[in-house]
Amino acid sequence: MRLTLIKPNIGRREHSLYVDEGRMEPLPLGILAALTPSDVDVVMYDDRMEAIPYDEMTDLVAITVETFTARRAYEISAEYRKRGVKTVMGGMHAMLIPEEVEEHCDCVIVGDAEAVWGEMISDFRNGTLKKRYTAEQPTCPQNGIIARRDIFEGKGYLPITLLQFSRGCTHRCSFCASSAYFKARHFCRPVDEVIREIKSQKRKLLFFVDDNIVCDRERAKELFRALIPLKLHWVSQGSMDMLEDRELMELMVKSGCLGLVIGFESITPESISEIRKATNRKGSGNMYEEQIEQLRKWGLQTWAAFTVGHDGDTVESIRATCDFAIKNKFTFAAFNILMPYPNTPLYEKLQSEGRLLYGGKWWLHEDYRFNYCSIVPKNMTADELTEISFDCRRRFNSPGSIFTRAFEPRTNMRTPYRFMTYLIYNPLFRKEVFKKQGLRFGLNAKEEQT
């Protein structure tokens with residue numbers, strides 16, 4: 001039996017398929033490959049950088065679906081099904097809106113696949129594949145499983161190993177798809193299994209793709225203590241409230257943490273309350289002055305993530321958010337338009353207020369483009385929100401800003417290694433800003449045939 005795993009692309013630029021030059025290993029597919037029985041031949045294709053060989057012999061195709069890649073995932077599935085090949089879909093979007101996903105495949109897996117993957121493979125072999133498998137959330141994610149990384153070889157991924165210590169987050173931010181997926185719960189792997197997985201690969205630079213690696217502080221401390229002897233560099237995602245625990249921060253730094261993606265979201269207290277970002281309420285009143293000073297003291301290179309389009313936002317306040325990010329010399333920053341992911345509290349609120357554009361399904365609409373506004377903002381037009389968010393990305397990633405922000409002595413210039421990381425990745429992310437803006441989702445039928 002042959003199983004084909006697919007990582008879909010977002011879509012295409014105006015005249016060509018979008019090639020993601022900042023692509024990282026699709027870790028979920030490595031975990032699925034490891035869960036698959038050893039007598040099954042597994043191949044993986046990454047639509048972000050290579051053509052999918054639809055006519056190559058395969059028995060079953062599994063496609064991971066995110067909301068931004070749903071349209072393209074459905075096109076890929078349709079191509080295989082036309083050839084008589086059955087398709088299985090899973091992932092974040094399949095959990096959020098399974099009724100839609102199962103219209104485009106032979107089988108949908110709802111939830112993390114560990115508990116049902118073996119059953120699904122067995123049923124397929126026996127000709128009894130079910131239309132839907134609903135998986136119980138494992139309290140111990142990836143239990144006993146080390147991701148298969150051989151399927152990533154030769155595909156030009158960034159030289160950073162992705163792995164996971166925990167899944168989910170206990171906070172209930174209204175816009176967060178992950179909170180809806182995991183129902184505001186948090187699950188950790190045993191630390192010894194994480195260390196075993198790290199030792200199974202060769203890189204010294206790691207990205208823990210956890211939603212919030214410091215959500216369970218005591219378990220995080222256990223992990224950090226175990227990382228210290230390995231002398232690694234790592235990055236992940238965390239929350240502002242971690243700064244309240246000095247021991248946690250000391251261990252984090254000693255364990256080799258270079259920095260974290262942190263959801264600042266907004267610089268106004270009203271917006272923080274609106275989205276229920278409880279971890280940020282202590283910092284929002286003084287525009288995070290104390291918290292940013294602590295991050296510098298610890299030497300962490302911060303990727304500050306902002307969302308724009310809150311009900312209190314104006315064009316001027318969003319522009320001020322970008323000024324704030326440049327002034328504070330963050331290593332990276334994202335200015336993401338507030339997106340209504342299906343079945344999140346934000347989606348339901350905006351739907352009840354009649355403020356969803358594109359028929360409420362922006363991820364499938366022919367006219368929607370990547371990084372466009374998909375809601376009706378309160379203090380500007382949708383087009384104005386699209387333009388000001390892009391202007392923030394353009395300004396923050398301008399050559400002048402990249403040069404100015406580089407010279408933050410306690411973070412970006414703290415060590416030669418950190419400085420080189422800054423210099424390598426900032427131009428790459430600048431390039432991706434312009435390549436991604438306005439991407440069409442999916443490909444049309446004519447292009448798929450060529």
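Any value given below was found using the heavy atoms of this structure, including those in side chains, with hydrogens, waters and symmetry copies removed. Because the structure is predicted, anything quoted here is derived from the model rather than measured. If you read the sequence from its start, that first residue is 1, and numbering goes on from there.
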Would you name the heavy atoms of [X] and [Y] that are closest together and state the gap between them?
{"X": "Gly22", "Y": "Leu158", "value": "O-CD1, 3.5 Å"}
{"X": "Cys373", "Y": "Tyr358", "value": "O-CE1, 3.5 Å"}
{"X": "Leu300", "Y": "Arg418", "value": "CA-NH1, 4.4 Å"}
{"X": "Arg414", "Y": "Gly299", "value": "NH1-CA, 3.3 Å"}
{"X": "Asn212", "Y": "Cys169", "value": "ND2-SG, 3.7 Å"}
{"X": "Met44", "Y": "Pro26", "value": "CE-CG, 3.9 Å"}

Got a donor-acceptor contact below 3.5 angstrom from the [X] side chain to the [Y] backbone?
{"X": "Ser401", "Y": "Asn397", "value": "no"}
{"X": "Arg189", "Y": "Cys140", "value": "no"}
{"X": "His365", "Y": "Asp367", "value": "yes"}
{"X": "Arg394", "Y": "Ile388", "value": "no"}
{"X": "Glu274", "Y": "Ser271", "value": "no"}
{"X": "Ser389", "Y": "Leu385", "value": "yes"}
{"X": "Arg83", "Y": "Glu79", "value": "yes"}
{"X": "Asp391", "Y": "Glu387", "value": "no"}
{"X": "Glu75", "Y": "Leu443", "value": "yes"}
{"X": "Asp112", "Y": "Glu114", "value": "no"}

Short side-chain donor-acceptor distance under 3.5 Å, [Y] and [X]:
{"X": "Asp210", "Y": "Gln164", "value": "no"}
{"X": "Tyr425", "Y": "Gln301", "value": "no"}
{"X": "Gln142", "Y": "Glu197", "value": "yes"}

Rounded to the nearest 0.5 Å, how far apart are CE of Met252 and CD1 of Ile228? 11.5 Å

Once you round to the nearest 0.5 Å, how far does OG of Ser77 lie from CD1 of Ile63?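 These two atoms lie 4.5 Å from each other.
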
Step through the shown structure and confirm whether more than 12 heavy atoms of other residues, nucleotides or ligands are within 6.0 Å of NZ on Lys131. yes

Does Glu99 CD have over 12 foreign heavy atoms under 6.0 Å away? yes

Dump the intermediate steps for side-chain hydrogen bond (donor to acceptor under 3.5 Å, both in side chains) on His93 and Thr67, then the final yes or no. CA-CA 5 Å; His93 195 65; Thr67 305; 3.0 Å; yes

Are [X] and [Y] close enough for a salt bridge, meaning some N to O gap below 4.0 Å?
{"X": "Arg72", "Y": "Asp47", "answer": "yes"}
{"X": "Asp211", "Y": "Arg167", "answer": "no"}
{"X": "Arg71", "Y": "Glu366", "answer": "yes"}
{"X": "Lys202", "Y": "Glu153", "answer": "no"}
{"X": "Glu222", "Y": "Arg217", "answer": "no"}
{"X": "Glu50", "Y": "Lys155", "answer": "yes"}
{"X": "Glu25", "Y": "Lys7", "answer": "no"}
{"X": "Asp106", "Y": "Arg132", "answer": "no"}

Is there a side-chain contact between [X] and [Y] (heavy atoms, below 4.5 Å)?
{"X": "Arg172", "Y": "Ile275", "answer": "no"}
{"X": "Thr58", "Y": "Val61", "answer": "yes"}
{"X": "Thr344", "Y": "Glu348", "answer": "no"}
{"X": "Thr64", "Y": "Leu29", "answer": "yes"}
{"X": "Asn9", "Y": "Thr69", "answer": "no"}
{"X": "Leu223", "Y": "Ile213", "answer": "yes"}
{"X": "Gln437", "Y": "Thr386", "answer": "yes"}
{"X": "Pro28", "Y": "Ile31", "answer": "no"}

Please assess Tyr133 against Val110 for the test side-chain contact (heavy atoms from CB on, under 4.5 Å), listing each intermediate value before the final yes or no. CA-CA 6 Å; Tyr133 294 83; Val110 180; over 6 Å; no

Just list the side-chain donor-acceptor pairs under 3.5 Å for residues 302-309, sequence neighbours left out, or say none.
{"unit_1": "Thr307", "atom_1": "OG1", "unit_2": "Glu265", "atom_2": "OE1", "d": "3.4"}
{"unit_1": "Thr307", "atom_1": "OG1", "unit_2": "His310", "atom_2": "NE2", "d": "2.8"}

Report the C-alpha separation of Tyr74 and Glu100 in whole Å, then their side-chain angles, then the decisive distance to 0.1 Å, and conclude whether the side-chain hydrogen bond (donor to acceptor under 3.5 Å, both in side chains) test is met. CA-CA 10 Å; Tyr74 299 160; Glu100 175 192 288; 2.5 Å; yes

Is the Phe208-Phe165 ring centre distance short of 6.0 angstrom?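 For Phe208 and Phe165, the ring centres are not under 6.0 Å apart.
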
Check whether the ring centres of Phe264 and Phe330 lie less than 6.0 Å apart, and answer yes or no.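 Under 6.0 Å, so yes.
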
What orientation do [X] and [Y] show, parallel under 30°, tilted 30 to 60°, or perpendicular over 60°?
{"X": "Phe419", "Y": "Tyr422", "answer": "parallel"}
{"X": "Phe370", "Y": "Phe68", "answer": "perpendicular"}
{"X": "Tyr347", "Y": "Trp363", "answer": "tilted"}

Could you go step by step and tell me if Asp383 and Tyr372 meet the side-chain hydrogen bond (donor to acceptor under 3.5 Å, both in side chains) rule? CA-CA 8 Å; Asp383 286 346; Tyr372 277 28; over 6 Å; no

Can a cation-pi geometry be assigned to Arg395 and Phe390, taking NZ or CZ under 6.0 Å from the six-membered ring centre and within 45° of the ring axis?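 Judged by the rule (NZ or CZ under 6.0 Å from the ring centre, within 45° of its axis), Arg395 is not positioned above Phe390.
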
Does the side-chain contact (heavy atoms from CB on, under 4.5 Å) test come out yes or no for Val253 and Phe224, once each step is laid out? CA-CA 9 Å; Val253 172; Phe224 300 159; over 6 Å; no

Can you check side-chain hydrogen bond (donor to acceptor under 3.5 Å, both in side chains) on Ser239 and Asp241, steps first, answer last? CA-CA 6 Å; Ser239 53; Asp241 57 344; 2.5 Å; yes

Could you go through Tyr80 and Tyr54, starting from their C-alpha distance and side-chain angles, then the distance that decides it, and tell me whether this counts as ring pair (Phe, Tyr, Trp, His ring centres under 6.0 Å)? CA-CA 6 Å; Tyr80 277 110; Tyr54 294 109; 5.1 Å; yes

What's the verdict on side-chain contact (heavy atoms from CB on, under 4.5 Å) for Thr87 and His104, showing C-alpha distance, side-chain angles and the deciding distance? CA-CA 9 Å; Thr87 61; His104 299 275; over 6 Å; no

Output, in order, the C-alpha distance, side-chain angles, deciding distance and verdict of side-chain contact (heavy atoms from CB on, under 4.5 Å) for Asn426 and Arg405. CA-CA 10 Å; Asn426 264 275; Arg405 290 183 290 106; 3.2 Å; yes

